[in-house]
Each structure stands twice: as C-alpha cells, then as structure tokens.
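Read the structure below first, then the notes.
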Amino acid sequence: MGVEGTLEYLSDLLSSVKKGKKKKKQIQTVALKIRMDCEGCERKVKKVLSGVKGAKSVDVDMKQQKATVTGYVEAKKVLKAAQSTKKKVELWPYVPYTLVAHPYVSQAYDKKAPPNMVRGIPDTATIKETTMDDSYTLMFSDENPNSCSIM
C-alpha cells in the first residue's frame, strides 16, 4: 500500500464519518384536537405549541377545536406539549369522508365531526365476512339450478 492507497483509505474513512451524522428532519404538519372553551384557552394553547422546538407556525381554530403545528417537529413531542396545558388532547382523528370505504359505519360516524369529515378507521374494522355469508349468496345466485325451488 503506497501513499496513494493510504490517502484513498483516509478519504473513504472521513467521508463515512460525515455520512453518519444526523439527517435533517422533514417539515411535518401535526394536527391536534384540543378542547378549548374561550379565547384565553386558545392563547394558552398557541403559546405552548409555539414553544415546541422546531415549530415554524401554529394555527388554532377554536370553532373546530383544532390546532395545527407546522415545522421540524415530531408528533409525540407536540402531543406531550399540548397535554401540559391540562386540556383534553388527541391527534386529529378526522379524515375526509371520500377517503373512507364505508364512511357511515358506527365506528366512523361522529356527530361532532367537522363538515365532510369522519373518523379515520382501518378498513378491517368495517367489513366482517364469514363462510356463512358466502353460502347464502351462492344459495340464491343465478348459477344455482335449485334457487327457484328455495324461493
């Protein structure tokens, strides 16, 4: 190994050390549902969420009971900061009803939801199929020659 090989080795070693550094966080938008009663509550929530490290902007909508934090933040840290206000806080549970397969099943429908919004639920929670359901559909299908006698 000559001088050139040594220099190449050291160059590779230093470049791998630089790659090991932390990557910059992505800009994220975190929406929270926070119970707010008055303008004082709104100011308190806005002040606390503005203090979160990495928060660039904070929007509070008292009518929808919603706070939106945008910046280089993590959802867990924003949620923890909001909980320090002693208010009832949860991540924003609503999605547009056009994104949900069955928007008016009991788990998704919420009277308190903003207009055109329903609770986000997993698709598996809405549809429950059993082998018995399949046998009934086959019993009354057009391809079953005995379906007329059953009816």
Side-chain angles (χ1 to χ4, degrees), residues 1-138 140-141:
M1 184 184 242
V3 175
E4 293 174 11
T6 305
L7 290 176
E8 188 177 329
Y9 172 75
L10 290 174
S11 174
D12 290 341
L13 184 65
L14 290 175
S15 66
S16 67
V17 170
K18 289 180 184 176
K19 291 178 185 175
K21 290 185 180 181
K22 289 184 178 179
K23 294 180 181 177
K24 192 171 183 180
K25 292 181 184 177
Q26 296 284 329
I27 288 184
Q28 291 186 348
T29 301
V30 179
L32 300 171
K33 181 179 179 184
I34 302 177
R35 175 89 171 121
M36 295 177 280
D37 300 318
C38 60
E39 292 176 12
C41 297
E42 184 180 358
R43 282 193 302 269
K44 182 177 182 181
V45 166
K46 191 167 188 168
K47 182 179 177 186
V48 168
L49 294 179
S50 297
V52 175
K53 184 178 178 182
K56 297 294 180 190
S57 68
V58 177
D59 297 320
V60 178
D61 185 0
M62 196 163 134
K63 186 176 180 181
Q64 288 188 346
Q65 304 284 307
K66 181 179 183 180
T68 308
V69 180
T70 305
Y72 303 102
V73 293
E74 293 178 20
K76 287 182 181 180
K77 290 183 180 182
V78 173
L79 186 63
K80 190 171 184 178
Q83 287 172 342
S84 71
T85 63
K86 306 292 186 210
K87 304 270 180 214
K88 184 179 177 185
V89 179
E90 63 179 314
L91 289 174
W92 188 250
Y94 303 116
V95 295
Y97 74 91
T98 55
L99 298 179
V100 178
H102 304 284
Y104 295 106
V105 295
S106 61
Q107 296 98 341
Y109 187 70
D110 188 358
K111 292 179 185 177
K112 298 176 186 175
N116 299 327
M117 303 283 254
V118 293
R119 285 193 174 266
I121 57 167
D123 291 335
T124 57
T126 59
I127 302 171
K128 296 179 182 171
E129 291 183 323
T130 63
T131 55
M132 191 177 298
D133 293 337
D134 291 336
S135 65
Y136 285 131
T137 54
L138 292 174
F140 294 106
S141 73

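The figures that follow rest on heavy atoms only: side chains count, while hydrogens, waters and symmetry mates do not.
- Contact between Arg119 and Pro93 at its shortest, heavy atoms only, is NH1-CB, 3.1 Å.
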Under 3.5 Å, side-chain donor or acceptor atoms of residues 48-64 against the rest of the protein: list the pairs with distances, not counting sequence neighbours.
from	atom 1	to	atom 2	distance (Å)
Ser50	OG	Lys46	O	2.7
Asp61	OD1	Lys63	N	3.3

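- Considering NZ of Lys47 and OG1 of Thr85, their distance stands at 12.5 Å, rounded to 0.5 Å.
- Tyr72 approaches Ile27 most closely through the heavy-atom pair CE2-CG1, 3.3 Å.
- In this structure Arg43 satisfies the salt bridge (Lys or Arg N to Asp or Glu O under 4.0 Å) test with no other residue, sequence neighbours excluded.
- Remark: Lys33 pairs with Tyr94 by the side chain to side chain donor-acceptor pair (under 3.5 Å) rule, at least two apart or across chains.
- The only option from Leu91, Val89, Val73 that meets the side chain to side chain contact (heavy atoms under 4.5 Å, CB included) definition with Val78 turns out to be Val73.
- Remark: Glu90 CD to Leu32 CG distance equals 9.5 Å, nearest 0.5 Å.
- Remark: Glu42 engages no residue in a salt bridge (Lys or Arg N to Asp or Glu O under 4.0 Å) (not counting sequence neighbours).
- Within the structure, the salt bridge (Lys or Arg N to Asp or Glu O under 4.0 Å) test picks out the following pairs touching residues 71-86 (sequence neighbours left out): Lys25-Glu74.
- For Asn116, the side-chain contact (heavy atoms from CB on, under 4.5 Å) partners at least two apart in sequence or on another chain are Tyr97.
- When all heavy atoms of Gln28 and Ala75 are compared, the closest pair comes out as OE1-N, 4.3 Å.
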